Protein chains: 2
Amino acid sequence: MPSIYFACSIRGGRDDAERYAELVAIIKQHANLLTEIFADGKLTAMGSAGKSSDIYTQDLAWVEQSDAVIAEVSSPSLGVGYEIAKAEQWGKPVLALYRNQEGKRLSAMIDGDPNVQVVHYNDVEQAEAAIKLFIKALA
Amino acid sequence: MPSIYFACSIRGGRDDAERYAELVAIIKQHANLLTEIFADGKLTAMGSAGKSSDIYTQDLAWVEQSDAVIAEVSSPSLGVGYEIAKAEQWGKPVLALYRNQEGKRLSAMIDGDPNVQVVHYNDVEQAEAAIKLFIKALA
């Protein structure tokens with residue numbers, strides 16, 4: 001099974017935490033998930049305890065170790081944008097999942113990136129279909 | 001004068017647009033600013049007109065063309081996180097300016113990045129001092 005780095009907003013805000021947990025449950029059925037802790041419902045926007053430099057080192061090591069990155073990009077997040085660029089730099093396939101929201105638009109730096117597979121979704125079933133196809137193509 | 005790419009939230013949200021304009025005015029006194037349009041008060045979170053792929057290509061060309069990047073990182077933004085990683089990849093010095101906000105924390109991927117100079121500020125005078133020092137060190 002491929003190893004997946006799931007990226008989502010943490011200090012950027014946890015409004016979508018329930019959806020992260022749903023997506024993580026789906027990913028775990030098809031892949032080895034490296035970042036299950038990011039979907040922890042107890043994690044707040046203050047993030048994990050510990051020094052930022054330690055978190056940075058650990059998270060980047062997981063990106064490097066992964067076969068591919070699945071990013072939930074419905075909420076703005078500096079860390080998720082940073083991780084997508086790193087994954088791209090290291091030649092990892094990236095799937096970016098964006099839930100359509102009235103009056104909002106996905107960043108042009110993600111939406112316009114030719115190396116990122118962007119999927120706009122309305123419900124979790126659509127995101128699930130995209131995740132399955134993405135992971136299947138990694139094999 | 002060095003060429004500076006000023007990065008700030010656009011589709012992530014324009015709550016800090018007034019501060020962006022203040023910082024842009026400071027940068028222009030000391031450097032050739034490539035991205036004055038990002039501080040335009042008329043720019044909304046819907047972003048510029050035009051295709052995301054065109055914006056992506058233009059913005060990355062400016063990052064590549066710049067001598068250094070100054071990023072305002074007080075609001076979460078996928079694009080700013082992405083651009084910081086690209087600047088780092090291309091060996092550009094990066095200054096990240098974060099306004100201290102109660103109950104919020106800067107992303108660990110920016111705060112913990114050993115290649116980014118992070119300055120936490122309370123008022124624009126502190127940000128101005130950091131900008132001057134950063135640009136002076138480029139010479």
Side-chain angles (χ1 to χ4, degrees), chain A residues 7-15 38 44-60 62-63 71-90 94 96 98 101-116 118 120, chain B residues 7-15 38 44-60 62-63 71-90 94 96 98 101-116 118 120:
Chain A
C8 62
S9 170
I10 298 173
R11 296 188 188 172
R14 300 290 291 171
D15 290 350
F38 293 172
T44 72
M46 296 308 280
S48 309
K51 285 171 59 182
S52 288
S53 55
D54 293 340
I55 296 168
Y56 174 87
T57 303
Q58 172 63 77
D59 289 4
L60 270 199
W62 276 330
V63 173
E72 217 292 344
V73 293
S74 305
S75 290
S77 160
L78 288 156
V80 172
Y82 184 92
E83 288 157 0
I84 288 172
K86 282 288 165 190
E88 185 182 9
Q89 179 182 344
W90 293 335
V94 178
Y98 180 76
Q101 299 156 79
E102 188 137 340
K104 293 196 177 179
R105 285 174 84 190
L106 175 58
S107 168
M109 303 311 287
I110 308 303
D111 200 37
D113 185 339
N115 300 313
V116 172
V118 176
H120 294 244
Chain B
C8 61
S9 171
I10 298 171
R11 296 187 188 173
R14 299 291 290 172
D15 290 349
F38 293 173
T44 71
M46 295 310 279
S48 308
K51 284 171 60 181
S52 289
S53 56
D54 293 339
I55 296 168
Y56 175 87
T57 303
Q58 173 63 80
D59 289 4
L60 271 199
W62 278 329
V63 173
E72 217 293 342
V73 293
S74 305
S75 290
S77 160
L78 288 156
V80 173
Y82 184 92
E83 289 157 359
I84 288 172
K86 282 289 167 191
E88 186 182 7
Q89 180 183 343
W90 292 334
V94 178
Y98 180 76
Q101 299 157 79
E102 188 138 340
K104 294 197 177 178
R105 284 174 83 190
L106 173 59
S107 167
M109 302 312 286
I110 308 304
D111 199 37
D113 185 338
N115 299 314
V116 173
V118 176
H120 294 245

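All values reported here derive from a predicted model rather than from experimental measurement. Any value given below was found using the heavy atoms of this structure, including those in side chains, with hydrogens, waters and symmetry copies removed. Below, chains carry the letters A, B, ... as their sequence lines are ordered, and counting in each starts from 1.
- Here the closest non-hydrogen pair linking A85(B) and A85(A) is CB-CB, 3.4 Å.
- Only the backbone of S48(B) has a heavy atom closer than 4.5 Å to any heavy atom of chain A.
- Between V80(B) and M109(A) there is no side-chain heavy-atom pair separated by less than 4.5 Å.
- Counting heavy atoms from C-beta outward, D111(B) and I55(A) have side chains that stay 4.5 Å or more apart.
- In terms of non-hydrogen atom pairs under 4.5 Å with chain B, the most contact-rich of L106(A), I84(A), I10(A) is L106(A).
- Of all heavy-atom pairs spanning P76(A) and G12(B), the tightest one is CG-O, 3.6 Å.
- Between chain B and the options G81(A), G103(A), S107(A), the largest number of non-hydrogen pairs under 4.5 Å is found for G81(A).
- The part of I110(B) that comes within reach of chain A is its side chain, from C-beta onward, which places non-hydrogen atoms under 4.5 angstrom from that chain.
- Nearest heavy atom pair, residue P114(A) against residue Y56(B), reads CD-CE2, 3.5 Å.
- Contact of K51(B) with chain A is not made at all, since no heavy-atom distance falls under 4.5 Å.
- V73(A) and L78(B) get closest at one heavy-atom pair: O-CD1, 3.6 Å.
- Note that CG of D113(A) and NZ of K86(B) are 7.0 Å apart. Values are rounded to the nearest 0.5 Å.
- When heavy atoms are compared at a cutoff of 4.5 Å, S75(B) approaches chain A solely by way of its backbone atoms N, CA, C and O.
- By number of non-hydrogen pairs under 4.5 angstrom with chain B, the leading residue of G50(A), G47(A), S77(A), S53(A) is S77(A).
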